[in-house]
Amino acid sequence: MSVVTRFAPSPTGFLHIGGARTALFNWLFARHHGGRFRLRIEDTDRARSTQAAVDAIFDGLTWLGLDWDDEPVSQSARAERHAAVARDLLETGHAYLCFASAEELAAMREVARAAGRPVRYDGRWRDRDPAEAPPGVKPVIRFKAPTEGETSIEDQVQGGVTVANAQLDDMVLLRADGTPTYMLAVVVDDHDMAVTHVIRGDDHLTNAFRQMQLYHALHWTPPEFAHIPLIHGPDGAKLSKRHGALGVDAYRDQAFLPEAMVNYLLRLGWSHGDDEIIDRAQAIAWFDLDGVGRSPARFDLARLTSLNAHYIRQADDRRLVQLVLERLKELSSDEFSGEVRERLLRAMPGLKQRARTLVELADSALFLVRSRPITTDRDSDRVLDAAARGHLAVLRAVLADVPEWEAAALEQAVREHVAATGPGGPKLRDVAQPLRAALTGRTVSPPIFDVMAVLGRSETLGRLTDVLDGDRAD
RNA sequence: GACCCCAUCGUCUAGAGGCCUAGGACGUCACCCUUUCAAGGUGAAAACACGGGUUCGAGUCCCGUUGGGGUCGCCA
């Protein structure tokens with residue numbers, strides 16, 4: 001039997017971290033087994049689901065590179081089928097009409113809570129004749145759940161789990177308005193979609209028992225269940241908006257690469273020995289349910305960032321230039337000429353080596369796109385003291401004489417110059433920092449001779465002139 | 001509260017009874033390399049929640065305690 005997994009988000013307007021990982025695990029499992037990965041939008045709560053909210057989910061998955069098979073199923077479009085199944089259950093005696101009003105139910109819960117008893121529906125309409133129905137009340141269809149014995153599931157992650165049927169009350173299958181509840185809809189949809197493995201958050205574990213009872217009543221073969229532990233916030237509490245329950249789009253905007261996010265999410269709750277850096281192909285080859293852990297994990301931004309730094313270093317330079325340009329446009333009003341793009345591309349190998357995020361990368365590339373005279377930050381100004389300026393004046397002349405404007409030649413010229421000044425003269429470090437400050441306006445940059453090569457002769461000499469002229473103006 | 005799940009360094013984890021003097025990674029701290037910063041290299045501090053069993057032997061199995069989480073809707 002071919003594997004079919006599904007990801008069934010409700011359209012909340014974004015794909016959050018936990019959902020992204022659930023989707024990833026389902027996708028990986030399907031790809032590993034050569035099966036299909038399907039999507040189902042749980043939009044039964046029609047008020048909340050807009051096309052924009054649905055698109056946000058698609059965008060998130062696409063960004064992560066999680067492609068799906070077949071057309072996404074819209075749960076709301078299947079209401080008729082759900083209702084039909086509920087009626088079948090009614091006819092086979094596995095369900096019944098319940099005329100209890102909302103107020104009645106609320107009172108029931110209140111009494112149970114006050115008495116310290118489990119809060120459950122008491123089954124008051126379970127064996128009552130519908131003829132006794134109060135006038136004007138539209139009934140719901142409730143599942144006639146077994147009251148004795150127990151229900152077990154053999155979870156692929158959590159192992160065997162059993163609950164006493166007495167713990168489970170008669171859930172509503174079809175609302176008074178004829179629409180299905182989630183509990184009915186998932187079972188029917190998973191069955192109709194031929195889903196073989198339901199991989200989802202741990203928060204659904206207790207739901208699985210009720211769903212299992214439905215499968216039994218319907219004489220359907222239940223899928224395998226795999227409930228993966230939840231992701232918690234850094235403080236161990238449930239992931240909240242404050243820290244991480246952000247949409248993956250927020251992480252994209254906050255400068256993370258999708259492959260870093262995927263690698264991070266993969267290692268959160270799943271492991272393959274001591275392997276840490278795992279690319280997509282390797283993940284597909286290795287992923288399986290027995291590698292999934294049982295305990296919840298905390299979201300750790302530092303680790304995501306570290307992985308991101310790794311993937312930035314691996315990334316293609318042209319792709320990075322493109323990504324950086326998008327950010328640079330927000331930081332600088334300068335027009336980006338072909339020359340500037342060329343500079344970015346040539347500088348990228350050195351730049352990407354020292355950036356952990358795309359924000360840092362863009363920031364570090366800023367000096368390349370600024371037009372003269374560039375501004376210098378506070379630390380650079382400190383570096384550019386009188387002695388430094390004196391060195392720069394001499395160095396400018398030395399550099400101007402270098403016939404071939406290329407990093408190695410420039411370095412050689414400067415090293416020879418420094419060596420010629422003798423023991424009392426400046427060391428390389430004494431001239432490298434002033435050069436860096438004058439050329440980039442920062443005290444941190446890629447190797448300075450690479451910077452000069454990328455900037456080109458006239459821009460380099462020009463920027464030095466700007467600093468020296470400023471000296472004169474003082 | 002009831003039911004269910006979970007429990008190894010700060011964090012993510014390796015560990016399927018002897019291979020554990022508990023390993024790796026992120027983070028932290030030193031040092032090396034070095035034109036700055038990264039990267040890289042070397043090293044350090046850092047954990048089996050607690051208590052009982054079972055066993056010749058327990059991080060690994062069982063029970064309890066504690067702690068954390070989840071679920072208890074005509075939400076999904």
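We name chains A, B, ... by the order of the sequence lines, and we start the count at 1 in each one. Nothing here was measured: the structure is a model prediction, and the numbers come from that model.
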Short of 4.0 Å, heavy atom to strand atom, which residues of residues 136-150 of chain A count as contacting RNA chain B? A:Val140, A:Arg142
Just to be sure I understand the rule, does A:Ala100 reach a base, reach only the sugar-phosphate, or reach nothing, if contact means heavy atoms closer than 4.0 Å? base
Once you apply a heavy-atom cut-off of 4.0 Å, does A:Asn207 come out as touching a base, just sugar-phosphate, or nothing? base
Using whole Å, what does the distance between atom C1' of nucleotide B:G27 and atom NE2 of A:His310 come to? 18 Å
Between B:G27 atom C1' and A:Leu307 atom CG, what is the distance in whole Å? 13 Å
Look for any protein N or O under 3.5 Å of an N or O in nucleotides 20-25 of chain B and output each such pair with its distance, or none.
residue, atom, partner, partner atom, Å
B:G23, N2, A:Asp274, OD1, 2.6
B:G24, N2, A:Glu276, OE2, 2.7
B:A25, N3, A:Arg303, NH1, 2.9

Can you tell me how far NE2 of A:His82 sits from OH of A:Tyr182, rounded to the nearest 0.5 angstrom? 11.5 Å
Would A:Phe287 and A:Phe25 count as a side chain to side chain contact (heavy atoms under 4.5 Å, CB included) here? Give the steps. CA-CA 8 Å; A:Phe287 188 82; A:Phe25 282 20; 3.8 Å; yes
Between B:G53 and B:A47, how far apart are the two P atoms, rounded to whole Å? 26 Å
Please produce a list of atom pairs where a protein N or O lies less than 3.5 Å from an N or O of nucleotides 34-42 of chain B.
residue, atom, partner, partner atom, Å
B:U35, OP1, A:Arg415, NH2, 3.1
B:U35, O2', A:Arg436, NH2, 3.4
B:U35, O2, A:Arg436, NH2, 2.7
B:U36, O4', A:Gln433, OE1, 3.1
B:U36, O2', A:Thr443, O, 3.1
B:U36, N1, A:Arg436, NH2, 3.2
B:U36, O2, A:Ser445, N, 2.9
B:U36, O2, A:Ser445, O, 3.2
B:U36, N3, A:Arg436, NH1, 3.1
B:U36, N3, A:Ser445, O, 2.6
B:U36, O4, A:Pro447, N, 3.2
B:C37, O2, A:Arg354, NH1, 2.8
B:C37, N3, A:Arg354, NH1, 2.4
B:A38, O2', A:Gln353, O, 2.9
B:A39, O4', A:Gln353, NE2, 3.2
B:A39, O2', A:Gln353, NE2, 3.0

Once you apply the 3.5 Å cut-off to both distances, tell me the Watson-Crick or G-U wobble partner of B:U66, or none. B:A7
Across all strands, who's sitting opposite B:U36 as a Watson-Crick or G-U wobble pair, both distances under 3.5 Å? none
Using modelled atom types and a 3.5 Å cut-off, is there a donor and acceptor pairing between side-chain atoms of A:Lys352 and backbone atoms of A:Ala315? yes
Both A:Asp169 and A:Asp300 contact RNA chain B. Which one's nearest nucleotide lies toward the 5' end? A:Asp300
Please classify the nucleic acid contact of A:Ala176 as base, sugar-phosphate, or nothing, using heavy-atom distances under 4.0 Å. base
What's the CG-P distance between A:Leu289 and B:A16, to the nearest Å? 20 Å
Just name whichever nucleotide pairs with B:C72, Watson-Crick or G-U, keeping both distances under 3.5 Å, else none. B:G1
Under 3.5 Å, is there a donor-acceptor pair between the side chain of A:His94 and the main chain of A:Leu90? no
Looking at A:Asp177 and A:Lys138, is there a salt bridge between them, counting it only when a charged N and a carboxylate O are closer than 4.0 Å? no
Which pairs, protein N/O on one side and nucleotides 44-50 of chain B N/O on the other, fall under 3.5 Å?
none

For A:Phe7 together with A:Trp68, are the ring centres under 6.0 Å from each other? no
Does A:Val140 form a side chain to side chain contact (heavy atoms under 4.5 Å, CB included) with A:Trp125? I'd like the steps, not just the answer. CA-CA 11 Å; A:Val140 299; A:Trp125 283 93; over 6 Å; no
Could you verify whether a donor N or O on one side chain and an acceptor N or O on the other, from A:Gln75 and A:Asp189, lie under 3.5 Å apart? yes
How long is the line joining CZ of A:Phe225 and P of B:G70, in whole Å? 21 Å
Distance between the P atoms of B:G41 and B:G27, in whole angstroms? 13 Å
Does a donor on one side chain and an acceptor on the other come within less than 3.5 Å for A:Asp377 and A:Ser380? yes
Given the C1' atoms of B:A22 and B:U13, what is the spacing between them in whole Å? 13 Å
Rounded interatomic separation in angstrom, taking CZ from A:Arg200 and P from B:G70: 17 Å
Any ion pair linking A:Arg40 and A:Asp190 (charged N to carboxylate O, less than 4.0 Å)? yes
Establish, yes or no, whether a centroid distance under 6.0 Å links the rings of A:Phe299 and A:Tyr251. yes
How many whole angstroms separate atom CZ of A:Phe7 from atom C1' of B:A76? 12 Å
Are A:Gln314 and A:Asp279 linked by a side-chain donor-acceptor pair shorter than 3.5 Å? no
Scanning all shown strands, the Watson-Crick or wobble mate of B:C29 with both distances under 3.5 Å is B:G43
Counting only side-chain heavy atoms from C-beta out, which of B:U11, B:A76, B:G73 sits nearest to A:His204? B:A76
Counting any heavy atom closer than 4.0 Å, what does A:Gly269 reach on the DNA or RNA strands: base, sugar-phosphate only, or nothing? sugar-phosphate
Does B:G59 pair with anything, Watson-Crick or G-U wobble, both distances under 3.5 Å, and if so, with which nucleotide? none
May I ask you to check whether A:Gln433 and A:Arg436 show a side-chain donor-acceptor distance below 3.5 Å? yes
Distance col, row A:Phe449:CZ vs A:Gln412:CD, nearest 0.5 angstrom, shows 11.0 Å
Pairwise P distance for B:A76 and B:G18, with rounding to whole Å: 49 Å
Salt-bridged, A:Glu276 to A:Arg303, with N to O below 4.0 Å? yes
Over 60° means perpendicular and under 30° means parallel, so tell me whether A:His227 and A:Phe225 are parallel, tilted or perpendicular. parallel
In the strands shown, is B:C19 matched to any nucleotide by a Watson-Crick or G-U wobble pair with both distances under 3.5 Å, and which? none
A:Arg298 CZ to B:C26 C1', in whole Å, measures 15 Å
Sequence neighbours excluded, the answer for ring pair (Phe, Tyr, Trp, His ring centres under 6.0 Å) partners of A:His272 is A:Trp286
Using the P atoms only, state how far B:C19 lies from B:G57, rounded to an integer number of Å. 15 Å
Once you apply a heavy-atom cut-off of 4.0 Å, does A:Arg109 come out as touching a base, just sugar-phosphate, or nothing? sugar-phosphate
Hey, is A:Arg457 close enough to A:Glu459 for a salt bridge, meaning N to O under 4.0 Å? no
From CG of A:Asp203 over to P of B:G69, roughly how many Å is that when rounded to an integer? 14 Å
If you restrict it to nitrogen or oxygen atoms, what contacts under 3.5 Å exist between nucleotides 3-9 of chain B and the protein, and what is each distance?
residue, atom, partner, partner atom, Å
B:C3, O4', A:Gln167, OE1, 3.4
B:C5, O3', A:Gln158, OE1, 3.3
B:C5, O2', A:Gln158, OE1, 3.2

